[in-house]
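Quick notes on the structure that follows.
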Amino acid sequence: MKRIVTVLSAVALMVGFTSCKDKATTKINTDNVEVAANRDEVAKKLPVMAFDKSEHDFGQIVQGTPQETVFTFTNTGDAPLIITDAKSSCGCTVPNYPKNTPIAPGEAGEMVVKFNGSGQNQVTKTITVTANTEKGSELLRIKAFVSPKGAAPAGPVKS
């Protein structure tokens, strides 16, 4: 019985070694290699979103007074920049941006952020910008000190 198992194992090994006698290099299609190399080179080129500022402070405002600021950005990368989404941390803040519009390398764009002035005291809101950059998203902030309506402005009293 041991002899039969040994003979069958030896035959299986011989068949295994001889069936792989074709060289793998003969099966390579050089056209596919070139296409893959070009694809990989293009994949390395990414847009980079550079903002003029990442935070804006409205200072002291009266509650319910709408505010607006503009975040300017430039595509400093090697591929077209596409912003797919921009969401704020609250419904009181609304970003307006060039959605799904390619921005070529070297070109600039604007994101207008509107804040309705709600809240009390120190208020900070974030805007998450989703784009086809390496990081995938950028974070912007707005802040303000919101005083109740009819309240005297804070700061030194002028005489």
Side-chain angles (χ1 to χ4, degrees), residues 20-159:
C20 294
K21 66 181 177 183
D22 291 339
K23 291 188 176 186
T25 56
T26 61
K27 297 178 183 179
I28 294 175
N29 184 339
T30 55
D31 292 338
N32 290 345
V33 172
E34 288 179 30
V35 169
N38 290 338
R39 179 198 62 221
D40 293 345
E41 193 61 35
V42 168
K44 291 179 187 176
K45 294 181 179 182
L46 292 171
V48 176
M49 194 173 205
F51 281 93
D52 62 336
K53 60 185 177 181
S54 61
E55 184 174 290
H56 180 79
D57 188 351
F58 291 112
Q60 183 172 345
I61 63 170
V62 176
Q63 189 174 38
T65 306
Q67 303 294 313
E68 183 177 297
T69 188
V70 176
F71 289 93
T72 303
F73 59 88
T74 304
N75 178 3
T76 60
D78 299 325
L81 170 69
I82 299 173
I83 301 172
T84 56
D85 198 13
K87 291 184 180 179
S88 68
S89 58
C90 172
C92 63
T93 306
V94 179
N96 186 9
Y97 58 97
K99 184 174 185 171
N100 295 325
T101 303
I103 297 161
E107 287 188 3
E110 291 183 344
M111 178 170 296
V112 178
V113 177
K114 296 180 180 183
F115 172 56
N116 69 4
S118 65
Q120 279 188 338
N121 299 322
Q122 187 63 45
V123 175
T124 302
K125 305 296 177 186
T126 58
I127 299 98
T128 303
V129 181
T130 306
N132 63 332
T133 59
E134 185 174 13
K135 291 190 323 186
S137 66
E138 301 289 332
L139 197 62
L140 303 173
R141 281 188 186 80
I142 60 167
K143 62 182 183 177
F145 189 87
V146 182
S147 300
K149 290 181 182 180
V157 178
K158 295 181 181 178
S159 38

Response to the item:
Heavy-atom nearest pair, P95 first then S88, reads CD-CB, 4.4 Å

Worksheet, complete the sentence: dist T130:OG1 -> I82:CD1 (nearest 0.5 Å) comes out at 13.5 Å

Worksheet item: Can you check whether N121 reaches F145 side chain to side chain, under 4.5 Å on heavy atoms?
Response: yes

Discussion item. Quick check: closest heavy atoms across S118 and C92, and the distance to 0.1 Å?
Written reply: OG-CB, 3.3 Å

Item to complete: Evaluate the side chain to side chain contact (heavy atoms under 4.5 Å, CB included) criterion for residues T84 and N100: first the C-alpha distance (whole Å), next the side-chain angles of each, then the deciding distance (0.1 Å), finally the verdict.
Response: CA-CA 5 Å; T84 56; N100 295 325; 3.7 Å; yes

Worksheet item: Got a sec: does the NZ of K125 have more than 12 other heavy atoms crowding it under 6.0 Å?
Response: yes

Worksheet entry | Rounded distance (nearest 0.5 Å) linking atom OG1 of T69 with atom CG of L140 | 10.0 Å

Fill in: Approximate separation, where rounding is to 0.5 Å, of L139 CG and E55 CD
10.0 Å

Response to the item:
Value for CG (N116) from CD (Q63), rounded to nearest 0.5 Å, stands at 9.5 Å

Practice prompt. State, to 0.1 Å, how close A144 and F115 come at their nearest heavy-atom pair, and which atoms those are.
Written response: CB-CE2, 4.4 Å

Response to the item:
In terms of heavy-atom contacts, T65 and I61 come closest through O-CD1, 4.1 Å

Item to complete: Evaluate side chain to side chain contact (heavy atoms under 4.5 Å, CB included) for F51 paired with T72, printing each intermediate quantity in order.
Response: CA-CA 6 Å; F51 281 93; T72 303; over 6 Å; no

Discussion item. Using 30° and 60° as the class boundaries, would you call the ring planes of F71 and H56 parallel, tilted or perpendicular?
Written reply: perpendicular

Practice prompt. Flag yes if more than 12 heavy atoms outside K53 fall under 6.0 Å of its NZ atom; otherwise flag no.
Written response: yes

Practice prompt. Check A131 against M49 and note the closest heavy-atom contact, atom names and distance.
Written response: CB-SD, 4.4 Å

Discussion item. Measuring from atom CD1 of I142 to atom OG1 of T124, what distance do you get when rounded to the nearest 0.5 angstrom?
Written reply: 9.0 Å

Worksheet item: In this structure, are over 12 heavy atoms from other groups packed under 6.0 Å from E134 atom CD?
Response: no

Worksheet item: Hey, does the side chain of S89 reach the backbone of T126 with a donor-acceptor pair shorter than 3.5 angstrom?
Response: yes

Discussion item. If you compare all heavy atoms of Q120 against all heavy atoms of P148, which two are closest, and at what distance to 0.1 Å?
Written reply: NE2-CG, 4.5 Å

Response to the item:
Interatomic distance, CZ@F73 vs CD@E107, rounded to 0.5 Å, equals 10.0 Å

